[in-house]
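Residue indices begin at 1 and follow the sequence shown. Numbering of ligands and ligand atoms starts at 1, following listing order.
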Amino acid sequence: MSAGGPEFAPSMGGLATGLLSLHEQEDSLWVGWSGIPSDSVSTETETVIAQRLRDEHKSVAVPLSSDEIEDFYYGFCNNIIWPLFHYFPTYADYETRLWDRYRQVNEKFARAVLEVADDDDTIWVHDYQLMLLPQMLKRELPHSRIGFFLHIPFPSYEIFRLLPWREEILAGILGSDLVGFHTYDYARHFLSSVRRIVGVEHQMANIKHDNRVIKVDAFPMGIDYEKYSTAAERPSVQQEAESIRSQLSGQRIILSVDRLDYSKGIPMRIRAYRRFLEEHPEYHQKVTLILIVAPSRTEVPHYKQLKRDIEELVSITNGSFGTIGWTPISYFYRPFPFDQLTATYTQSDVLLVTPLRDGMNLIAKEYIAARRDYRGAIVLSETAGAARELGEAILINPNNEPQIAAAILQALEMSEEEQDENNRSMHERLKRYDIHYWAGDFMDKLEAVSRLQESFRARTLTEAVRSTLIGDYRAAQRRLIFVDYDGTLVHTGSKKTSPDDAGIRTVGLLAADPQNEVVVISGRPREHLQEVFVDLPVGIIAGHGVWYKGKSDQWHLTEAVTSDWKEIVLPILQLYCDRTPGTRVDESEYSLVWNYRKAQPELAAIRLSELKDAITSITANHDLSLLERTNVLEIKNSTVSKGRAAKAWYETGEWDFVMAIGDDWTDEDMFTMLRATDYSIKVGIDLSHARYFVESPQAVRELLAQIAAAPD
Ligand code: GDG
């Protein structure tokens, strides 16, 4: 506040910096806290602030009192979530009172958003402070598109599970339609927590929850490339650069810029620099570390302690090595204005970015972008999200002091050619995937998820469709019904299904009608299906179409299938079983199946992709296809498919009612061979050629029972 009334300034930090350009371009409203505790100003001033924010900055202010800031922001967000998500579990202070306050403030934000948002709006919720908001908004605005982006790491399940409110937090985030993280590692951690805590599996990072598909993906945040890459051309920046050069003439410059935070690894960085000076006296008087620490969260005790630690280390280092004319560390406990910061980027030979954990780290990207001369080297922590994209940097373990010291030397001595080569390729990437691309990419994906969901809604088997279907069924004389087995009639992977099972009995009822031809179609071996459907008058297609049998017929081999390829593939599968605990090979006459249901899921996912590569390269000359189903990979002749087998059956007669029900992509062949007027029904929510969707095997059983009970 100044005498002339409130002053408005953009807030610092990665997120604010990043979204500013989107906010300027798009027809958008920004909902957030104004930065001033509501009880520190009069009601009139608060009204003026809110009005001006709305009129001049397209922003809606959510008032937060000092108590709320204390408990919500400093307490829950920065004293529980921040340390836990950055792998400092011992710093987290789990107080129920703080959780209550977190919920209340999220509700406050929900109310503020609901005042300005409609049910067809797009809402992008940012970061760990508002993890409950997506669910609160979805409840009230079920058709709005809600995206959530987490700017900090999502920790591994073993860490996340420590949170007493883990279920609520996940439920909150799952109110979104799209959940974004900086890296796929964080996305994986999130998916794994959802699986283990909420009990919901994902398919290719799509979660089916609450009758919706929620997409989870990685969107590595970019920077405003244009702004940083043209900074060096500004006279004010050049002036600053000149002044730095003249003050540090003859010195190589190492730069370190962070907010004050224990996750940034500042003390270890100073220790590593000190070690470097100890080991390399030839650099004394020739190098300066510019250490910029921007004050932040100064109310939290751990930050106060950190500041003391940093200052002690700086003074020890300067005290031990400094001379009258040389200060090894130039320390600044204040933020630098933009011009000065970018000028410092352009004058530094080395950027030291060694966080213990960092969601992304934009400083590293800004430094590269600002160096239009392609000079300079980065020492970058492998635990920063940015390391995934800036692979040309010198990557270090932030806890390894000798390694960081060695990396400082390597960076200082890197040849100009090498700097040039490394920096050019990083530049290209930063230019392509800049902040506009990032925001646009997220928005496009959000739009795509919402289209997908709409198509599901439009194709849900509603009561009206159901009664038309039953009407058509009743009116028909010759009916053909294909029913897939796993995931459709029974839950995927059910060990042994008894012929008395409700779904099987319903199939029996339908099959008993002489006007019906019911065909069970499955990837399972014929022995299994034979046992389950023992006395029922059903047709069976087994092994994805290798075998078939009419209702009172023997088994027939469908095509000229071969099995000589098995000799080659079997040893490969066995090798993968040995390397992957919990997996096994199942062999049937014409196929081999690698089953990884009991394996550790992340490991199985990696092995699966390796195995597919291995098999494809070795079996290129054999006409084989790889079929991926939930937890199994099946290898068989590619001439065999459910679609072909179903088509052959279809052509054996004239039908006036045809229905096919299936749950996974092997059933898609079957759906596509149907006529447009036939009924194709997909179990579960996923992209499909089917005309309609039902939720689960339970819903299939109900539908079949309804059809079977329909009077003639
Ligand atoms: C979170 C995540 C993630 C810093 N000091 C000064 C200054 N800055 C500006 C930088 C940069 C931003 O602040 C810092 O960005 P970071 O990425 O390092 O980190 P956080 O603020 O911790 O933000 C982080 C980020 O969100 C984005 O998703 O990368 O992992 O923790 O833009 O330029 N700017 C000026 N003077 C300073 O002294 N002018």
Side-chain angles (χ1 to χ4, degrees), residues 9-22 77-78 81-88 124-130 148-155 180-183 185-186 218-225 227-229 231 234 236-237 240 255-266 269 290-297 303 330-346 348 351-370 378 380-381 383-390 398 430 433-435 438-439 442:
S11 72
M12 248 185 26
L15 169 60
T17 315
L19 283 188
L20 198 62
S21 33
L22 180 73
C77 297
N78 291 337
I81 298 296
W82 179 275
L84 190 67
F85 281 34
H86 284 87
Y87 294 74
F88 284 80
W124 192 357
V125 179
H126 284 271
D127 228 357
Y128 62 105
Q129 293 87 350
L130 297 173
F148 175 79
F149 190 86
L150 188 74
H151 289 261
I152 62 174
F154 194 94
F181 299 93
H182 282 305
T183 71
D185 286 337
Y186 307 152
F219 301 86
M221 188 169 166
I223 54 163
D224 189 345
Y225 178 81
K227 178 170 156 193
Y228 286 93
S229 65
R234 290 160 53 154
S236 49
V237 173
E240 285 290 350
L255 176 64
S256 156
V257 190
D258 302 275
R259 275 188 311 98
L260 177 72
D261 203 292
Y262 47 79
S263 66
K264 304 284 183 186
I266 305 172
R269 197 175 309 166
I290 299 183
L291 184 68
I292 304 170
V293 179
S296 124
R297 300 175 199 170
Y303 288 71
S330 280
Y331 169 63
F332 305 90
Y333 181 64
R334 58 167 190 266
F336 272 28
F338 176 80
D339 283 354
Q340 199 182 358
L341 181 68
T342 42
T344 317
Y345 285 159
T346 63
S348 301
L351 180 75
L352 262 187
V353 187
T354 61
L356 301 174
R357 292 276 164 184
D358 211 337
M360 171 53 73
N361 195 293
L362 299 176
I363 307 258
K365 294 185 168 184
E366 292 166 2
Y367 172 76
I368 295 289
I378 300 191
L380 178 61
S381 173
T383 43
R388 295 263 164 228
E389 291 165 90
L390 306 181
L430 295 177
Y433 203 94
D434 71 353
I435 186 63
W438 173 77
F442 189 90

Atoms of ligand 1, numbered as shown, that sit under 4.0 Å from any heavy atom of Met221: 27 (C), 28 (O)

List ligand 1 atoms under 4.0 Å from Arg259, heavy atoms only on the residue side. 20 (P), 21 (O), 22 (O)

For Asp434 and Tyr228, test the side chains for any donor-to-acceptor distance below 3.5 angstrom and give the result as yes or no. no

Do Tyr303 and Tyr262 make the cut of ring centroids closer than 6.0 angstrom? yes

Could you tell me which residues satisfy salt bridge (charged side-chain N to carboxylate O under 4.0 Å, His left out) with Arg357, sequence neighbours excluded, listed by chain and number? none

For a quick check under 3.5 Å, do Thr183 and Asp185 share a side-chain donor-acceptor pair by atom type? no

Any chance CZ of Arg388 has more than 12 other-residue heavy atoms, nucleotides or ligands included, within less than 6.0 Å? no

Residue-ligand contact His182/ligand 1, heavy atom below 4.0 Å: yes

Tell me the nearest of Phe336, Phe332, Trp438 to atom 38 (O) of ligand 1, using heavy-atom distances. Phe336

Under-4.0 Å salt bridge between Glu366 and Lys227: no

Closest candidate by heavy atom, reference atom 19 (O) of ligand 1, pool His151, Met360, Lys264, Lys365: Lys264

Close side-chain approach of Met221 and Leu362, heavy atoms under 4.5 Å: yes

Quick check: does Asn361 get an N/O under 3.5 Å from an N/O on ligand 1? yes

Hey, does Ile363 come in under 3.5 Å of ligand 1, counting only N/O atoms on both sides? no

Just checking Trp438 against Tyr433, ring centres under 6.0 Å apart? no

Would you mind running through ligand 1 and noting each atom that sits below 4.0 Å from a heavy atom of Val257? 5 (N)

Is the closest heavy atom of Trp82 to ligand 1 under 4.0 Å? yes

Once you restrict to heavy atoms under 4.0 Å, what part of Ile223 touches ligand 1? Side chain, backbone, both or neither. neither

If we only count N/O pairs under 3.5 Å, is Gly359 in contact with ligand 1? yes

Using a 4.0 Å heavy-atom threshold (strictly under), name the region of Leu362 that reaches ligand 1: side chain, backbone, both or neither. both

Enumerated ligand 1 atoms positioned under 4.0 Å from heavy atoms of Phe338: 39 (N)

Result of checking Asp258, Asn361, Asp358 against Lys264 for side-chain hydrogen bond (donor to acceptor under 3.5 Å, both in side chains): Asp358

For Asp358, the ligand 1 atoms with a heavy-atom partner under 4.0 Å come out as 24 (C), 30 (O), 31 (O)

